[in-house]
Amino acid sequence: MLPVKTLRDNLDSVKKGLALRNSDLSFEQWAKADQRQRQLKQEVETLKFRRNQASQEIPKLKKEKQPVDTLLNEMKIVSKEITAFETELKQIETEQEDFLLRIPNLPHTSVPLGKSEADNLEIRRWGKPADFPFEAKSHWEIGETLGILDFERGAKICGARFVLYRGLGARLERALINFMLDLHTGAHGYTETLPPFIVNRNSMTGTGQLPKFEDDLFHLKDNDYLLIPTGEVPLTNIHADEILDESDLPISYVAHTPCFRREAGSYGQDTRGLVRQHQFNKVEMVKFCTPAQSYAQLEQLLNNAETVLQKLNLPYRIVSLCTGDLGFSSAKTYDIEVWVPSQKKYREISSCSNFEDFQARRAKIRYRTEAGKVQHLHTINGSGLAVGRTVVAILENMQQADGSIVIPKILRPYMGGVEKIS
RNA sequence: GGAGAGGUGGCUGAGCGGUCGAAAGCGGCGGUCUUGAAAACCGUUGAACUGAAAGGUUCCCAGGGUUCGAAUCCCUGCCUCUCCGCCA
């Protein structure tokens, strides 16, 4: 959420920022309502001041045994006026709030300009894609042949875009989760958490999924609860409505959670395989820090995510999303894309973003500076990594001519010593 | 699911329908004392909006209601605790 003050004082620069991300909201209605809102507020406050004064006079008069009827009658009218003004005020406030919640974040100045994915800026590459002396198979072919991925039965149990992992496939997924958590809680200093996978509307609004992206979420029928589309939601909301101490920042959390996405509007994309499922596992990292720290912390979090791929020896590249491709809440985002041999393409496996104070405003996460001032902090998060897509990368990059898969060395202890799936 | 109790500032915890943003204690900060520290003592210490400032408005879980006036009374919801039942 952008501060109302910014809209009032710098509307032009807001509009420019939004235009960069292909967003062209009209602020006319907002500006009109804002004026009316301020006017009403003043009138209400004046009336309330009068009422508060009377509230002090009345008991005094009563003590002195003086008549209060006139005053009481006057106040009856004042109260009616207050109610009338407040009714209108409340309606406007609700509408204004809803409008504010639908405005995306402004891009940071370091974000490359561009209209779409095609304009994203490659920052660096790591590792060399293997040069197979045979035609690289897709991970679903490999997985089905080895009997470790069963898409048919996944669909039978629930529907399209669900999968059943079996045997060493399930074991591989679990090994990756444990490996990632161990790495981030160990060398990288994150605190492990295990949050709820179902959250309320308030939490979803806090991180920016609501009110705008309701259609992307799974709803529970009997409650006003929703399944998380990413661990970012529960992790960021850990400190919702709190005032933290500057000396405690930065705070870093990591968690493994399943993620649930409707994938409405992505018909026809990645219909086969693990890449786009309604349910997938992800290890998510979230940081809370001061504005001064946040961009350095973003780089650090990005490095933490990259380290996973390096230790698994999977080739990848880092891309800085252009203004037109930024997510709703993000001020700056790096995607990590892993090499997928069957597609001869780099595909997203992690997204690391600095939200600055956008989420902190929505979720009311603040900190007290050393000087004693209370202000919003910055939130950062990123996948470390999407687990299903890591399985994709391992199956495809580690495939052998005979159809077997060589398990990366670092994972073998997590696989009970298994070196190969065949 | 049934019965009961409760939700107040960083924490613990008072609070009669009016003078309560709210006692007291703890914690925090500043000071006195001390070579330094502790103890003791003194002072200070919530947030949002608005205003140049003085000030004003709001916030005692949330939302409604009663009233000239609500932290205080009523209703609904959410949450916590205790007991019973059920259960991984």
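In what follows, chains are A, B, ... by sequence order, proteins preceding strands, each numbered from 1. This structure is a prediction, so every number in the text was calculated from the model and none was measured.
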Query raised in the report: Using the ring of each side chain (for Trp, its six-membered ring), is A:Y190 parallel, tilted or perpendicular to A:H188, with breaks at 30° and 60°?
Result: perpendicular
**Report entry** Side-chain donor-acceptor pair present, A:E232, A:T207, cut-off under 3.5 Å
**Finding:** no
Query - Complementary nucleotide for B:G17 - Watson-Crick or wobble, under 3.5 Å - result: none
Query - Separation between the C1' atoms of B:C41 and B:A47, rounded to whole Å - result: 31 Å
Query raised in the report: What distance, rounded to whole Å, do you find between the two C1' atoms, one in B:G6 and one in B:U12?
Result: 16 Å
Query raised in the report: Base, sugar-phosphate alone, or nothing: which one does A:K5 contact when heavy atoms must sit under 4.0 Å apart?
Result: sugar-phosphate
Report summary line: In Watson-Crick or G-U wobble terms, with both distances under 3.5 Å, the base opposite B:G69 is none
Requested in this report: Could you check whether A:R201 gets within reach of a base, just the sugar-phosphate, or nothing at all, counting any heavy atom under 4.0 Å?
Outcome: nothing
Query raised in the report: Base, sugar-phosphate, or nothing for A:F85, non-hydrogen atoms under 4.0 angstrom?
Result: nothing
Requested in this report: Please state the C1' separation for the pair B:G2 and B:G85 - nearest whole angstrom.
Outcome: 7 Å
Query raised in the report: Taking the C1' atom of each, how far is B:A54 from B:G36, in whole Å?
Result: 45 Å
Query - Same-atom distance (P) from B:A40 to B:C78, integer angstrom - result: 47 Å
Report summary line: Comparing A:N73 with A:K373, nearest RNA chain B nucleotide closer to 5' gives the residue A:K373
Query raised in the report: If you look at every strand shown and take non-hydrogen atoms under 4.0 Å, does A:N200 touch a base, only sugar-phosphate, or nothing?
Result: nothing
Query raised in the report: Hey, are A:E214 and A:H219 close enough side-chain-wise for a donor-acceptor pair under 3.5 Å?
Result: yes
Query raised in the report: A:K62 near the nucleic acid: base, sugar-phosphate alone, or nothing, with a heavy-atom cut-off under 4.0 Å?
Result: base
Report task. Could you measure between the two P atoms, the one in B:G18 and the one in B:C74, and give it in whole Å? Result -> 15 Å
Report summary line: Applying the 3.5 Å cut-off to both distances, the Watson-Crick or G-U partner of B:A53 turns out to be none
Query raised in the report: Which one is paired to B:A88, where only Watson-Crick or G-U wobble pairs with both distances under 3.5 angstrom count?
Result: none
Query raised in the report: What are the 5'-most and 3'-most nucleotides of RNA chain B lying under 4.0 Å from any heavy atom of chain A?
Result: B:G18 to B:C79
**Report entry** P-based separation of B:U19 from B:A70 [nearest Å]
**Finding:** 10 Å
Query - Closest-nucleotide 5' rank along RNA chain B - winner of A:N52 and A:Q56 - result: A:Q56
Report task. Write down the partner of B:U34 under the Watson-Crick or G-U wobble criteria, each distance required to be under 3.5 Å. Result -> none
Query raised in the report: If you look at every strand shown and take non-hydrogen atoms under 4.0 Å, does A:K63 touch a base, only sugar-phosphate, or nothing?
Result: base
**Report entry** Taking every non-hydrogen atom, the tightest pair across A:N105 and A:S330
**Finding:** CB-O, 3.6 Å
Report task. Begin with the C-alpha distance, continue with both residues' side-chain angles, and end with the deciding distance and a verdict on side chain to side chain donor-acceptor pair (under 3.5 Å) for A:N73 and A:T70. Result -> CA-CA 5 Å; A:N73 284 330; A:T70 329; over 6 Å; no
Query raised in the report: Taking any strand in view, what nucleotide pairs with B:U80 in a Watson-Crick or G-U wobble way, both distances under 3.5 Å?
Result: B:A5
Query raised in the report: Is A:E263 paired with A:R276 through a side-chain N to carboxylate O contact shorter than 4.0 Å?
Result: yes
Report task. Look at the aromatic rings of A:F162 and A:H278 and report parallel, tilted or perpendicular, splitting at 30° and 60°. Result -> tilted
**Report entry** Closest approach of A:E284 to A:L235 (non-hydrogen atoms, all atoms of both residues)
**Finding:** O-CD1, 3.7 Å
Report task. Identify the nucleotide, in any strand shown, that forms a Watson-Crick or G-U wobble pair with B:U44, with both distances under 3.5 Å; if there is none, say none. Result -> B:G28
Report task. Could you work out the separation of B:A71 and B:G13 based on their C1' atoms and round it to a whole Å? Result -> 14 Å
